[in-house]
Every structure is written in C-alpha cells, then in structure tokens.
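What follows is one structure encoded as structure tokens, with my remarks underneath.
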Protein chains: 2
Amino acid sequence: MGKEPEDTIASRISRVLADRIVRGELAPGARLRQDHIAEEFQTSHVPVREAFRRLEAQGLAISEPRRGVRVASFDLSEVREVAEMRAVLEVLALTHAARHLTPAILDAAEEATREGDAAADVEAWEDANRRFHRLILAPCGMNRLLASIDDLHAASARFLFSAWQSGWEKHTDHDHRAILHALRQGHADEAAAILQKHVQRIGRGPQAARTGGSREAFAIVG
Amino acid sequence: MGKEPEDTIASRISRVLADRIVRGELAPGARLRQDHIAEEFQTSHVPVREAFRRLEAQGLAISEPRRGVRVASFDLSEVREVAEMRAVLEVLALTHAARHLTPAILDAAEEATREGDAAADVEAWEDANRRFHRLILAPCGMNRLLASIDDLHAASARFLFSAWQSGWEKHTDHDHRAILHALRQGHADEAAAILQKHVQRIGRGPQAARTGGSREAFAIVG
DNA sequence: ATTTCCAAAATTATAGATAATTTTATCGCT
DNA sequence: AGCGATAAAATTATCTATAATTTTGGAAAT
C-alpha cells in the first residue's frame with residue numbers, strides 16, 4: 001500500500017522543483033543548474049534533465065539550448081490568460097461531471113470549502129481550494145482535460161503565492177457554496193455559470209497594495 | 001537565416017517521433033525502444049529519453065516506469081474529448097484574436113481554405129486546415145493557450161489519419177468560408193459560434209464504414 | 001499437452017566521463 | 001577610468017559504461 005504514481009527519480013525531482021517554483025522559493029528567472037540539483041538529490045544529472053522537460057511542458061520553466069534552464073517569469077497578462085483558460089476548461093469539465101456527482105462527493109466538497117474558510121494562511125487555503133475544484137470536476141472522467149486543468153491550477157497557485165507572500169485573512173467563500181447549492185438542486189448549468197465567473201475573479205495582493213504598484217501582484221482567487 | 005526553433009538533438013527526435021505517431025507509422029501500443037531509436041538517430045539514448053518526456057506531455061506516448069514507453073492508444077471517447085477541448089479553447093482564442101485580425105491575415109486564411117478544398121489526400125488537407133486555424137487564432141497572442149491548441153491539433157490529426165488511411169475525397173469547406181465572412185463583417189461572436197460547432201464535427205472514416213465497425217474509426221474533420 | 005520455474009537475453013534507468021559552449025574574470029590598451 | 005580582447009572557469013549536452021529490472025525462451029514436472 002501507499003504506492004507512488006511514479007517512482008522514477010526524474011518524476012520525484014520534477015515534483016519537488018515544481019513545488020518550489022509554485023511556492024516562490026525559486027524566483028522567476030532563477031537559473032536551474034543541473035549539476036547542483038543533481039548533487040542535492042544525490043543522483044547524476046540525467047534524471048534532472050528529464051525533470052526539466054516536464055517542467056518546461058507545464059510552463060514552469062523555460063529552456064534555452066546550450067544556455068540552461070530558468071524559472072519561467074510571468075506577468076498580469078499571463079494571470080488573465082490562465083484564468084480564462086481555467087474558466088472554459090473547468091466549465092467543460094463540470095458540464096460532464098454533473099451527472100456523475102453523488103451526495104457523498106458534494107459533502108466532501110463542502111467540507112473542503114469549510115477548511116478553506118478556516119485556513120490560517122495562503123498555503124492551507126490553496127490546498128483546500130484545489131481539493132474543492134478537483135472533487136467536483138474529477139467525475140467527468142476526461143483525463144486529458146483534467147491534466148490540463150491541473151497544470152493551470154499549479155500556475156494559479158504560483159500567482160497566488162507570489163501576490164500573498166504574507167497578510168492572508170480568512171473569508172467565507174460564497175461562490176463555492178452557491179455552486180454546491182446549484183449542483184444539489186440539479187441545476188448544472190447554473191453551477192457552471194457561477195464557476196465560470198468564480199475562476200476569473202482576480203484579486204490584488206497585499207504586495208501591490210503596499211508598494212503602490214511598483215511590481216504588480218495580482219492573482220486568481222478562486 | 002533558416003534558424004531552427006530548437007537545435008537540440010532531443011527536440012529533433014521528439015519532432016520526428018511525434019510526426020510518425022500522428023501519421024500512424026507508429027501504431028497505438030507500439031513499444032518505443034530507446035536503444036533502437038538512439039541507434040537510428042546516431043546518438044546515445046540520453047536525448048531519446050528526454051524526447052520521450054516531451055511526447056508524454058503531449059499525450060502521444062505513455063511511459064510506465066521500468067517497463068518502457070509505448071505509443072498512446074485512443075478511442076472514440078478521446079476523440080470527443082479533444083473535440084470539446086478544441087471547441088472551448090479555439091473559441092476563447094478567436095474571441096481575443098478577432099480585434100487583431102487584418103485583411104491580409106483573412107486573405108491568407110482564405111487561401112489556406114482554397115488549398116484545403118483542392119487537397120488530393122488527407123495529409124495535404126490536414127496541413128491546410130491546421131494553417132487556417134493557426135492563422136486566425138495566433139493574433140490572440142496568448143502563448144500558453146496557443147501551445148495547448150497546437151497539442152490538441154496534433155491529437156486531431158492523429159485521429160484523422162487513423163480513420164482516413166485511404167479514400168480521401170475533395171469537398172468544399174463551407175464552415176471556414178462562413179467564419180471568414182463573419183470575421184470580415186466584424187461579427188466576431190458569430191464567427192466564434194460557427195467555429196465552436198465546426199470543431200466538434202466528428203466524421204466517420206472509410207475504415208469504419210467498410211469494415212462495418214469492427215474497429216471504430218472516427219475523427220474530427222475541422 | 002500444459003503449467004511452473006529458472007536462466008539467458010534484452011531493455012530500462014542511472015552513474016561516471018568527455019567534448020563543446022557559454023559565462024566570468026583578467027589584463028592590456030586608448 | 002572605460003572599453004575590448006583573451007584566457008580561465010563554469011556549465012551544458014552528449015557519449016560510454018554499469019547496475020537493476022523485466023521479458024523471453026526453454027526445460028522439467030505434473
């Protein structure tokens with residue numbers, strides 16, 4: 001029991017690096033040096049290079065031939081782009097998932113919403129939020145679609161952590177509750193409409209508010 | 001002049017393999033043996049492994065740890081899934097591209113449509129069709145979105161080649177012309193609506209028609 | 001004849017070594 | 001001092017070699 005989905009060294013490295021990039025431990029533009037990373041993970045650089053290809057495909061890193069790999073940078077326009085892609089893809093997924101949703105799933109999603117409302121920091125909120133979305137979308141059973149949405153969620157989380165490095169405050173998520181309410185009543189298209197707007201809600205982080213916009217810090221907050 | 005976008009061996013291998021998979025030269029489920037491929041490309045297997053990661057991310061191959069890489073298989077439900085993803089993502093792209101479209105671009109797109117109508121085989125038609133879609137969508141300037149659409153187009157082409165291994169017949173593409181007409185009149189949302197239905201048009205290939213459905217052969221024909 | 005087990009072959013995954021390229025630092029020149 | 005050329009260092013990309021795992025083939029036993 002407890003078997004990993006992928007037990008190759010390359011996949012482990014790519015997961016850890018993706019996590020660091022998303023959390024902001026690795027800043028945009030930072031160089032990813034294969035020998036250093038190989039040393040840290042006690043391996044050779046071959047699996048490190050494979051991990052790089054994965055990060056590249058996820059849009060978390062960019063690779064210039066013979067000049068190395070860097071953490072991808074992003075700006076407000078990419079935040080918008082990801083929000084809009086999430087909007088259409090999550091609506092598509094929910095449309096198909098709706099008829100497979102059970103009361104048990106909706107209860108679990110409501111529990112995730114409660115955990116999100118009670119979250120003390122951004123990390124905890126993000127975790128609960130992602131769980132909510134995954135719970136109500138996974139039953140669509142469309143693997144390619146779900147994989148794309150997952151990558152977009154990683155990008156969203158990255159923007160979020162970048163904007164809210166500190167200063168998180170609790171709040172009640174009315175959208176999630178409205179979505180669940182509509183789904184419980186069997187109004188799938190109403191739920192989808194709320195979800196569509198929900199995901200495109202872009203918030204201004206405390207960073208931008210304090211520094212007066214020297215470096216804009218916006219993020220998807222759904 | 002004539003500079004390649006990526007001049008690394010791994011990227012070249014991944015392009016060639018992707019092309020073979022899409023064209024059906026490599027059948028679904030076929031094993032991709034790294035040493036054999038390395039020998040063919042006169043390299044070691046290290047860049048081959050990197051190419052595999054790329055193909056995996058594109059959904060063209062699947063890798064089982066310690067058991068090798070195989071060409072991804074697909075069924076009718078995945079054809080539908082790709083069609084629906086293309087529908088929502090291409091509509092999103094067109095919505096943003098519309099205000100950047102110039103008469104020159106629309107003329108080029110019309111030329112691509114004419115080439116598609118005149119195409120003697122599936123390969124030529126697919127090439128022209130993809131060019132049409134790329135031309136009208138690229139001006140949206142959203143790179144992540146365009147990259148996703150490109151991957152989906154590769155999957156579409158794969159389904160198409162699988163269904164129409166032979167027996168292609170010319171036909172006039174009314175959807176493309178209607179889309180261009182609407183765009184020329186400035187009716188972006190009407191164009192988007194046609195595009196949305198256009199991309200979800202799924203055709204029955206001559207294979208399925210002849211063999212009586214022993215192996216279903218359906219494909220997106222837009 | 002069929003199944004089970006074991007050994008050989010093939011293949012994957014990783015490590016270590018080498019060549020080629022880019023970056024960084026130093027020195028001389030104006 | 002500032003600029004440019006050149007040498008040294010660091011880093012990337014690849015190849016060759018080795019360890020570990022899986023598949024294949026065949027022989028023995030039922």
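Predicted, not measured: the structure shown is a model, and the values here were computed from it.
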*May I have the step-by-step check of ring pair (Phe, Tyr, Trp, His ring centres under 6.0 Å) for A:His45 and A:His36, ending in yes or no?*
CA-CA 9 Å; A:His45 56 241; A:His36 296 199; over 10 Å; no
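- DNA chain C is contacted by B:Arg31, B:Leu32, B:Arg33, B:Gln34, B:Asp35, B:His36 of residues 29-38 of chain B, taking any non-hydrogen atom closer than 4.0 Å.
- Counting non-hydrogen atoms of other residues, nucleotides and ligands closer than 6.0 Å to CD of A:Glu111 gives a total above 12.
- Remark: of the listed residues A:Arg12, A:Arg20, A:Arg33, A:Arg20 is the sole one forming a salt bridge (charged side-chain N to carboxylate O under 4.0 Å, His left out) with A:Glu40.
- Residue B:Arg49 places at least one side-chain N or O under 4.0 Å from the OP1 or OP2 atom of C:dA13.
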*I would like to know whether A:Arg15 and A:Asp19 meet salt bridge (charged side-chain N to carboxylate O under 4.0 Å, His left out); could you show each step before the answer?*
CA-CA 6 Å; A:Arg15 269 199 305 276; A:Asp19 194 62; over 6 Å; no
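- Taking the six-membered ring where tryptophan is involved, the planes of B:Trp125 and B:Trp168 are tilted, since the angle between them lies from 30° to 60°.
- Going from atom CD of B:Gln42 over to atom P of D:dT14 covers 15 Å, rounded to whole Å.
- Nucleotide D:dT11 holds its P atom 17 Å from the CD atom of A:Glu64, rounded to whole Å.
- Residues that satisfy the side-chain contact (heavy atoms from CB on, under 4.5 Å) test with A:Glu126, not counting sequence neighbours, are A:Arg130, A:Ala157, A:Leu160, A:Phe161.
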Can you tabulate the close N/O pairs, meaning under 3.5 Å, that link protein atoms to atoms of nucleotides 17-22 of chain C?
| unit_1 | atom_1 | unit_2 | atom_2 | d |
| --- | --- | --- | --- | --- |
| C:dA17 | N6 | A:His45 | NE2 | 3.4 |

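- Side-chain contact check for A:Pro47 versus A:Thr8: every heavy-atom pair is 4.5 Å or farther apart.
- Two rings, from B:Phe74 and B:Phe159, have their centers less than 6.0 Å apart.
- Looking at A:Gln200, its side chain never comes within 3.5 Å of a backbone N or O of A:Ala87 through a donor-acceptor pair.
- For the pair A:Glu39 CD and C:dT14 P, the interatomic distance rounds to 18 Å; values are reported in whole Å.
- Each of B:Val46 and B:Phe52 was matched to the nucleotide of DNA chain C holding its nearest heavy atom; the match closer to the 5' end belongs to B:Phe52.
- One interatomic measurement links the two molecules: CZ of A:Arg53 to P of C:dA13, which rounds to 17 Å at whole-angstrom precision.
- In this structure, the CD atom of B:Glu50 is 14 Å from the P atom of C:dA13, given to the nearest Å.
- Within the 4.0 Å cut-off from OP1 or OP2 of D:dT14, at least one side-chain nitrogen or oxygen of B:Thr8 is found.
- Rounded to a whole Å, the CZ atom of B:Arg12 is 16 Å from the P atom of D:dA13.
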